[in-house]
2 protein chains.
Amino acid sequence: MKHRRNTTATAEILNLLSQSKTALSHANIQQSLDGLCNRVTIYRVLDRLTEDGVVHKIVNIDGVVVYAICHTCTSKEHHHNHLHFSCEKCHAVTCLDNIEPSFKLPKKYKVNHVNFTVSGICPLCC
Amino acid sequence: MKHRRNTTATAEILNLLSQSKTALSHANIQQSLDGLCNRVTIYRVLDRLTEDGVVHKIVNIDGVVVYAICHTCTSKEHHHNHLHFSCEKCHAVTCLDNIEPSFKLPKKYKVNHVNFTVSGICPLCC
DNA sequence: CTATATTTGCAACAATAGTGCAAAAACAAA
DNA sequence: TTTGTTTTTGCACTATTGTTGCAAATATAG
Ligand SMILES: [Mn+2]
Ligand SMILES: [Mn+2]
Ligand SMILES: [Zn+2]
Ligand SMILES: [Zn+2]
């Protein structure tokens, strides 16, 4: 693995994601950082964090990409089978780390990644 | 519901989607139609078909939007809980209409839509 | 055939993401 | 602390995908 440097951009983005109870989009992060770094840097930092398994990337039900800290992953064992809930009212995207949908595929299929997203109204909005 | 007219663009796009065993992207359709109509028209036809519940829109695991004929839907009862498989080799996106992942959410959540996509290697490529 | 509502094409716009490259910054070794 | 190397950053540009306003064309009901 490539050596990573400790920069303010990375530290701040990681800080934001760590503090947040919900997954964050590039736009969310850019707004919060308020000019701390260039928008391209945010893309690149997020790519690196994803590559290193520090965060995971979620393609939301509406196609918007959001990022969230990996809670249950180790650097060797990645495990992103959990459900994501996207609130249609407050637009929060939440990792439901302990809810893992079950399904059975014919074994001719080899599964590498999953993306499970449901949308609706979250407990805070209902 | 608004009245729909029978145009060549709509007929051809519907034909493509009906014939296809896999879900098609706007780009796929544009290529197949080979100039039959403007690219904006394709977007608009797909929007109308989706609105009318003739096709359903799938946000693939990589964020690319694809469309597929609704097989199990009636105009009043829509039901898109099935799994979608996205092959990393041949890039085919397939509706697995009879595979419906099961999951249990705390009942404080109200679910309106779901999107279940898995990627890997399909039976044809393995 | 005519009147009307829908559909289309075009050109322009908008939003989001990716690239090449030179400058800046981080870090390790001296 | 200084130096040398590699990573990271900002900038300007490009790419991709989808949307909009509007006038012209077309489908359909009567
Ligand atoms: Mn998650
Ligand atoms: Mn489907
Ligand atoms: Zn909410
Ligand atoms: Zn395949």
Side-chain angles (χ1 to χ4, degrees), chain A residues 1-17 23-68 75 86 91 93 115 117, chain B residues 1-17 23-68 75 84 86 91 93 113 115 117:
Chain A
M1 203 219 284
K2 222 176 191 180
H3 192 254
R4 300 302 190 194
R5 291 181 180 183
N6 186 14
T7 67
T8 27
T10 306
E12 276 309 306
I13 291 170
L14 205 43
N15 188 42
L16 278 175
L17 287 165
L24 302 176
S25 66
H26 176 274
N28 293 152
I29 293 171
Q30 186 175 16
Q31 191 159 36
S32 294
L33 289 184
D34 191 32
L36 177 100
C37 69
N38 189 270
R39 130 201 114 73
V40 181
T41 301
I42 302 176
Y43 282 118
R44 296 201 265 222
V45 168
L46 288 170
D47 280 351
R48 267 178 262 145
L49 291 174
T50 305
E51 205 180 304
D52 295 349
V54 177
V55 303
H56 64 289
K57 194 174 177 168
I58 305 144
V59 175
N60 197 0
I61 201 160
D62 58 3
V64 174
V65 173
V66 292
Y67 297 86
S75 65
S86 177
H91 300 108
V93 179
N115 189 34
T117 315
Chain B
M1 203 218 285
K2 225 176 191 179
H3 192 255
R4 300 302 192 195
R5 292 181 179 182
N6 186 12
T7 66
T8 26
T10 305
E12 275 310 306
I13 291 170
L14 205 43
N15 187 43
L16 278 175
L17 287 165
L24 302 177
S25 66
H26 175 274
N28 292 152
I29 293 171
Q30 186 174 15
Q31 191 157 35
S32 295
L33 289 184
D34 190 33
L36 176 100
C37 68
N38 189 270
R39 116 202 130 78
V40 180
T41 300
I42 303 176
Y43 281 118
R44 297 201 265 222
V45 168
L46 289 170
D47 280 351
R48 266 177 264 147
L49 292 174
T50 305
E51 206 179 304
D52 295 348
V54 178
V55 304
H56 64 289
K57 193 174 177 170
I58 305 144
V59 176
N60 197 1
I61 201 161
D62 57 4
V64 173
V65 173
V66 292
Y67 296 85
S75 64
H84 296 110
S86 177
H91 301 108
V93 179
H113 301 100
N115 187 28
T117 315

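In the text below, chain A, chain B and the rest are named by the order of the sequence lines, each starting its count at 1.
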Rounded off to whole Å, could you give me the [atom1]-to-[atom2] distance for the [X] and [N] pair?
X     : N      : atom1 : atom2 : value
B:K57 : D:dT17 : NZ    : P     : 14 Å
A:D47 : D:dT7  : CG    : P     : 16 Å
B:Y43 : C:dC10 : OH    : P     : 16 Å
B:L24 : D:dT17 : CG    : P     : 15 Å
B:L46 : D:dT19 : CG    : C1'   : 14 Å
A:D62 : C:dA15 : CG    : P     : 16 Å
B:N28 : D:dG18 : CG    : P     : 11 Å
B:R48 : C:dT6  : CZ    : C1'   : 8 Å

Nearest-nucleotide 5' precedence on DNA chain D, B:T8 against A:C37:
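Here A:C37 is the residue nearer the 5' end.
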Distance-only, no hydrogens or angles: does the B:D47 side chain make a donor-acceptor pair with backbone N or O of B:R44 under 3.5 Å?
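It does not hold such a pair.
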Euclidean distance, B:L46 CG relative to B:I29 CD1, rounded to 0.5 Å:
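Reported to 0.5 Å precision, the distance equals 4.5 Å.
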Can you tell me how far apart CG (B:L17) and OH (B:Y67) are? Round to the nearest 0.5 Å.
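Result: 10.0 Å between the selected atoms.
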Examine the base of D:dG18 for any acceptor or donor lying under 3.5 Å from a partner atom in the side chain of B:R44, and report the outcome as yes or no.
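Donor-acceptor pair under 3.5 Å: no.
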Any donor-acceptor pair, under 3.5 Å, between the side chain of B:R39 and the base of D:dT19, if you only look at N and O atoms?
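Yes, a donor-acceptor pair under 3.5 Å.
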Would you say [N] has OP1 or OP2 under 4.0 Å from some side-chain N or O of [X]?
X     : N      : value
B:N38 : C:dC10 : yes
A:R5  : C:dA24 : no
A:R4  : D:dT8  : yes

Can you name the one residue among B:V55, B:T10, B:T7 that meets side chain to side chain contact (heavy atoms under 4.5 Å, CB included) with B:V45?
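Testing each of B:V55, B:T10, B:T7 against B:V45, the sole residue satisfying side chain to side chain contact (heavy atoms under 4.5 Å, CB included) is B:T10.
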Test side chain to side chain contact (heavy atoms under 4.5 Å, CB included) applied to B:Q30 and B:L24, B:I42, B:T41, the passing residue:
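When B:L24, B:I42, B:T41 are each tested with B:Q30, the side chain to side chain contact (heavy atoms under 4.5 Å, CB included) holds only for B:I42.
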Look at the side chain of B:H3 and decide which nucleotide, out of D:dT9, D:dT28, C:dA28, has an atom nearest to it.
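From the listed options, D:dT28 comes nearest.
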Residue closer to the 5' end of DNA chain C, B:V40 versus B:T7 (nearest nucleotide):
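Final value for this comparison: B:T7.
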Describe the nucleic acid contact of B:A27 in one word from base, sugar-phosphate, nothing, applying a heavy-atom distance below 4.0 Å.
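Here B:A27 touches no strand at all.
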